[in-house]
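A short worksheet on the structure shown next.
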Amino acid sequence: MSSDCICKDSNSNYKFRDTFITNQNHRLDDNIPISQFLAVVFVVVIMYTGNLLGFGLAVSSSAFIGSSFIIKKKGLQRAGASGTRASSGGYGYLLEPLWWIGMLTMVVGEFANFVAYIYAPAVLVTPLGALSIIVSAVLAHFLLNEKLRKVGILGCVLCIMGSTVIVLHAPAEHAINSVEEIWDLATQPTFLLYTASAIAVVLVLVLYCEPRYGHTNMMVYIGVCSINGSITVMSVKAIGIAIKLTLEGSSQVASYQTWIFVMVAVTCIITQLNYLNKALDTFNTAVVSPIYYAMFTSFTILASAIMFKDWSGQSASTVISVLCGFMTVLSGTMILHSTREPDQLPVSDMYSSLSPQISWIVHANGEIWKQKDNEESCPEVVAIIQPDHFK
């Protein structure tokens, strides 16, 4: 007679096997009680239910966040039409109701994403952000006249296929019983080295690169957002676990580590929003969204692998499958990026790079040449056009 018992292999996956018991009375071995069997089954079900719940929350989050990109972009355009643009240091968008609607939509999406990180590992939740790229690309086509070519559909399909592969092979979430455990993970030497490197790179981008290349190279703004984002996700995941443990009866409010994670998350989120606004206001949404997704996801997976050791105990085939899924999603976002039309610069931006010391001289015979301020104009001059004429 046979009965089911459970063993756990080196990959932390539960498997069932048949154990043959041959005793005189053909009874179940008393060393394998049915209660233990049901308890282990319950743990397995909960483990995969958590991944499923995290998947659902991540998908709904992508829908809200993808929509928020478009709504905020419309708000930034309205604010820029009547005042200083965000890319030039203006904050007029704070008085624009449409921008706040977009902000509220993003908050709802981020909240769903926040809860998803509680139930599922970052390596599952973060790549699903590619779905927000599809949402923003479709809405931008209809609402912002940022045309999406037919081949862009291929990019959307690749994003969906890659996300599916990631979901099917994502590792289960590790059980954590206190914020102190997360703090130990965050203060391990490898993650401290990553954090120090991230802060150093962000400072270089903000203090050196932004004043020189911020308006011409989107990687400056997106780099700040992405690197900050990886630290944000680790902090938010720690906060989410603390809240979950508190609701389950194990209060983490008194732990100073909880409040350190809160302060880090708030600081990084504010920095992200500031530079994301600058990127959206300066460059095409269809360009910003996929590149931001690719960089943000890459840094987040790296940070999570270092801090939470998501790949620990996983088979090589599982790791390769997830990485292939991510590369498929990344390919889809790049196709979406390549099939979109770039933004046309406003007239004021096109001529803002002209030197204020140079004027354009228009003569009666149709000839045009430059004249410096210290040079006298000829009597046959019809018009003098200076750079600020176009602002």
Side-chain angles (χ1 to χ4, degrees), residues 51-52 54-70 109-110 112-113 116-117 119-141 146 148-173 218-219 222-223 225-227 229-230 232-233 237 276 279 284-305 308 310-311 314 316-340:
N51 272 14
L52 182 62
F55 167 75
L57 289 168
V59 171
S60 61
S61 169
S62 295
F64 281 104
I65 293 175
S67 302
S68 73
F69 272 107
I70 307 305
E110 292 294 352
N113 208 39
Y117 279 116
Y119 293 98
V123 70
L124 167 63
V125 176
T126 306
L128 290 177
L131 301 179
S132 68
I133 307 300
I134 299 176
V135 174
S136 63
V138 173
L139 292 180
H141 176 81
E146 296 177 0
L148 176 64
R149 300 174 186 175
K150 291 182 179 180
V151 73
I153 298 176
L154 174 61
C156 296
V157 172
L158 287 175
C159 288
I160 295 174
M161 291 177 59
S163 299
T164 303
V165 172
I166 292 172
V167 170
L168 293 177
H169 295 87
E173 180 76 328
M218 75 177 68
M219 299 305 292
I222 296 178
C225 293
S226 303
I227 297 173
S230 65
T232 302
V233 169
K237 187 171 181 64
L276 183 58
N284 191 308
T285 306
V287 178
V288 172
S289 298
I291 295 180
Y292 173 55
Y293 162 79
M295 291 186 63
F296 169 71
T297 304
S298 299
F299 282 114
T300 300
I301 290 177
L302 176 61
S304 182
F308 290 100
D310 292 325
W311 307 118
Q314 299 298 313
S317 61
T318 299
V319 176
I320 293 174
S321 296
V322 173
L323 292 178
C324 287
F326 173 61
M327 293 303 297
T328 303
V329 173
L330 188 59
S331 299
T333 60
M334 292 300 102
I335 290 177
L336 282 173
H337 159 53
S338 64
T339 58
R340 303 297 298 276

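The first residue of the sequence shown is numbered 1, and numbering continues consecutively from there. Computed from heavy atoms alone, side chains included, the values below leave out hydrogens, waters and symmetry copies.
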Residue pair Val125 / Ala58: nearest heavy atoms and the distance that separates them: CG1-CB, 4.1 Å

Of the non-hydrogen atoms in Pro171 and Val123, which two are nearest, and what is the gap between them? CD-CG1, 3.4 Å

Working to the nearest 0.5 angstrom, can you tell me the gap between Tyr292 OH and Ile222 CD1? 9.5 Å

Indicate yes or no: at least one non-hydrogen side-chain atom of Pro127 is less than 4.5 angstrom from one of Val329. no

Roughly how far apart are Leu330 CG and Cys324 SG, rounded to 0.5 Å? 12.5 Å

Main-chain N/O of Leu128 paired to Ser62 side chain as donor or acceptor, under 3.5 Å: yes

Trace of the side chain to side chain contact (heavy atoms under 4.5 Å, CB included) decision for Val165 with Thr328: CA-CA 9 Å; Val165 172; Thr328 303; over 6 Å; no

Please round to the nearest 0.5 Å and tell me the distance separating atom CG of Leu323 and atom CD1 of Ile301. 7.5 Å

Would you say Met295 has more than 12 foreign heavy atoms packed within less than 6.0 Å of its CE? yes

Residue Phe64 excluded, over 12 heavy atoms near CZ under 6.0 Å: no

Carefully, step by step, assess Cys225 and Leu276 under the rule side chain to side chain contact (heavy atoms under 4.5 Å, CB included). CA-CA 6 Å; Cys225 293; Leu276 183 58; 3.9 Å; yes

Ignoring hydrogens and geometry, is there a side-chain-to-backbone donor-acceptor pair from Ser61 to Leu57 under 3.5 Å? no

Measuring from atom CE of Met327 to atom CG of Leu158, what distance do you get when rounded to the nearest 0.5 angstrom? 12.0 Å

Name all pairs fulfilling the side chain to side chain donor-acceptor pair (under 3.5 Å) condition that reach into residues 159-168, sequence neighbours left out, sorted by first residue then second. none

Using side-chain heavy atoms (C-beta onward) and a distance below 4.5 Å, is Thr126 in contact with Phe296? yes

So do Ile134 and Cys156 actually touch side chain to side chain, heavy atoms under 4.5 Å? yes

At what distance, to the nearest 0.5 angstrom, does CZ of Phe55 lie from OG of Ser60? 10.0 Å

Indicate the atoms forming the closest heavy-atom contact of Lys237 with Tyr117, along with that distance. NZ-O, 2.5 Å

Heavy-atom closest pair, residues Phe326 and Ile166: N-CD1, 3.6 Å

Go through the steps to decide whether Ser67 and Leu139 satisfy the test side chain to side chain contact (heavy atoms under 4.5 Å, CB included), and finish with yes or no. CA-CA 7 Å; Ser67 302; Leu139 292 180; 3.7 Å; yes

Within the distance-only criterion (no hydrogens, no angle test), does the side chain of Thr300 pair as donor or acceptor with the backbone N or O of Thr297 below 3.5 angstrom? no

Taking atom OH of Tyr119 and atom CG of Leu52, what is their separation to the nearest 0.5 Å? 13.0 Å

Taking all non-hydrogen atoms of both residues, which atom of His169 and which atom of Val322 are closest, and how far apart? O-CG2, 3.3 Å

